[in-house]
Amino acid sequence: MPGLSRFVLLTAMAIEMTTTRTPLRERLVIGNWKMHGNLADNAKLLAALRPATTATTSAQLAVCVPFPYLAQAAEALKGSSVSWGAQDISVQKQGAFTGEVSASMLKDFGCTWALVGHSERRSMHAETDQLVADKAQAALAAGLIPVVCVGESLAERDAGQAISVIQRQLAPVLALGAEAVNKLVVAYEPVWAIGTGRTATPEQAQEVHAAIRAALQAIGAGNVQILYGGSVKAANAASLFSMPDIDGALVGGAALVADEFLAIAA
Ligand code: PEP
């Protein structure tokens, strides 16, 4: 092998060996607005996010907004690097399902993301692990990227069950197979850290992320992005993102404040 090619090959191998993150695992920061917002406040927030690019924030940015404001987000973010999505979808394709919104309706006007299985949906709307997996499949079938949220309660953590709960929640998702799973994003959101101001330590989060990564790897989907969520703010983002298996964040409260959200991404 000529000297230069050999050098290039060896350098590439060295980079491969020392890099924990592959190009597929770009940093991703998604804001979950939950049931907050109005036209006027949204317009200001979206206008402040609009100029963000991966060059200015070093992360891909997205917002998941309430259904009535999806069109506003689509319009305000058109032509920008910031993508947008919904906070839930129906598991059904179409039909007599009053109040539901299907994945294909969202895809129809340019939606990229759909959160599925957020803990607030699991607890307040009795969404089961299987339903969440079915919603992920419905999103994928319509060409949306599902962000599958998993997370244990405080009682489950205290009982030493954090990882087994996550494995149980993920099982029907993994059963969708590698091809499907490679197209989705997982968000680990310990329920006790959501909206409480109490964040998992980077080490606590990394332990669970590593277990999720191992489960994904076992089916050939080891490069799926795994986001951490739960009281992420600018002050704790860097230490969380320094962990090898944390690829970004799903941000609730702090996503409503443009400077804070952009600082998390930066
Ligand atoms: C969330 O709702 O997904 C979330 C992580 O909320 P917060 O950042 O407010 O804890």
Side-chain angles (χ1 to χ4, degrees), residues 27-37 41-42 45 49 57 59-67 69-70 73 82-89 112-125 127 129 132 135-136 139 144-154 156-157 162 165-166 169-170 173 184-202 204-206 208-209 212 225-241 243 245-266:
R27 292 260 184 238
L28 171 63
V29 176
I30 302 181
N32 171 18
W33 289 7
K34 311 197 189 200
M35 200 172 72
H36 292 291
D41 289 349
N42 301 347
L45 181 48
L49 300 183
T57 65
Q60 201 190 340
L61 271 195
V63 287
C64 288
V65 309
F67 288 129
Y69 300 127
L70 286 167
V82 183
S83 54
W84 51 276
Q87 298 171 12
D88 186 34
I89 52 164
T112 301
W113 309 94
L115 305 185
V116 295
H118 190 280
S119 65
E120 287 149 19
R121 304 254 3 136
R122 289 180 189 260
S123 65
M124 296 176 206
H125 301 270
E127 295 199 0
D129 300 336
V132 172
K135 286 189 172 193
L144 301 179
I145 306 174
V147 179
V148 178
C149 304
V150 294
E152 81 286 3
S153 67
L154 187 56
E156 289 163 339
R157 171 157 286 266
V165 167
I166 306 302
Q169 291 174 334
L170 272 181
V173 177
L184 54 77
V185 170
V186 174
Y188 167 56
E189 299 204 299
V191 179
W192 47 272
I194 296 181
T196 58
R198 193 179 153 188
T199 321
T201 64
Q204 282 174 318
Q206 168 57 26
V208 178
H209 279 238
I212 295 173
Q225 287 158 305
I226 310 174
L227 311 183
Y228 170 78
S231 299
V232 175
K233 1 185 203 314
N236 58 26
S239 58
L240 287 161
F241 295 171
M243 293 290 126
D245 289 302
I246 298 184
D247 300 320
L250 181 56
V251 184
L256 299 171
V257 183
D259 287 349
E260 185 72 13
F261 188 56
L262 291 170
I264 290 169

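Side chains included, hydrogens not; waters and symmetry mates left out as well; all remaining heavy atoms used. Order of listing sets the numbers, starting from 1, for every ligand and every atom in it.
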- Task: Please lay out, stage by stage, how I194 and E120 fare under the test side-chain contact (heavy atoms from CB on, under 4.5 Å).
- Result: CA-CA 9 Å; I194 296 181; E120 287 149 19; 3.7 Å; yes
- ligand 1 to G252 polar contact by distance, N or O atoms, under 3.5 Å: yes
- Message: Could you check whether any heavy atom of G230 sits closer than 4.0 Å to an atom of ligand 1, since that is the contact criterion I want to use?
- Response: yes
- Enumerate the atoms of ligand 1 whose separation from the nearest heavy atom of G195 is less than 4.0 angstrom. 7 (P), 9 (O), 10 (O)
- Query: What atoms in ligand 1 come closer than 4.0 Å to a heavy atom of A193?
  - Reply: 10 (O)
- Message: Let me confirm one number: the CD-CD distance from Q169 to E152, rounded to the nearest 0.5 Å.
- Response: 8.0 Å
- Query: In terms of atom number and element, which parts of ligand 1 are under 4.0 angstrom from non-hydrogen atoms of K34?
  - Reply: 1 (C), 2 (O), 6 (O)
- Message: Under 4.0 Å, heavy-atom basis, I'd like to know which part of N32 is in contact with ligand 1: side chain, backbone, both or neither.
- Response: side chain
- What pairs with A265 under side-chain contact (heavy atoms from CB on, under 4.5 Å), at least two apart in sequence or on another chain? V29, T57, A59, L61
- Item | P66 and M35, any side-chain heavy atoms less than 4.5 Å apart | no
- Task: Please report which non-hydrogen protein atom sits nearest to atom 5 (C) of ligand 1, along with the residue it belongs to and the distance in Å to one decimal place.
- Result: E189 OE2, 3.0 Å
- Would C149 count as a contact of ligand 1 if the rule is a heavy atom under 4.0 Å away? no
- Atom indices of ligand 1, in the order listed, that fall short of 4.0 Å to a heavy atom of S231: 7 (P), 8 (O), 10 (O)
- Task: State, without any angle test, whether D245 and Q206 hold a side-chain donor-acceptor pair at a distance under 3.5 Å.
- Result: yes
- Query: Where is the tightest heavy-atom contact between G37 and Y69, given as atom of each residue plus distance?
  - Reply: O-OH, 3.5 Å
- Task: Say whether, by atom type as modelled, one donor and one acceptor occur between the side chain of S231 and the main chain of T199 under 3.5 angstrom.
- Result: no
- Task: Decide whether an N or O pair under 3.5 Å exists between L250 and ligand 1.
- Result: no
- For ligand 1, the portion of A187 having any non-hydrogen atom under 4.0 Å away: neither
- Task: Side-chain contact test, heavy atoms from C-beta onward, threshold under 4.5 Å: evaluate it for L184 versus V173 and give yes or no.
- Result: yes
- Item | ligand 1 atoms in contact with G253 (distance to a heavy atom under 4.0 Å) | 7 (P), 8 (O), 9 (O)
- Message: Going by the rule salt bridge (charged side-chain N to carboxylate O under 4.0 Å, His left out), which residues pair with K233 if we only count those two or more places apart in sequence or in a different chain?
- Response: none
- Query: For ligand 1, is H118 a contact, meaning one of its heavy atoms is under 4.0 Å away?
  - Reply: yes
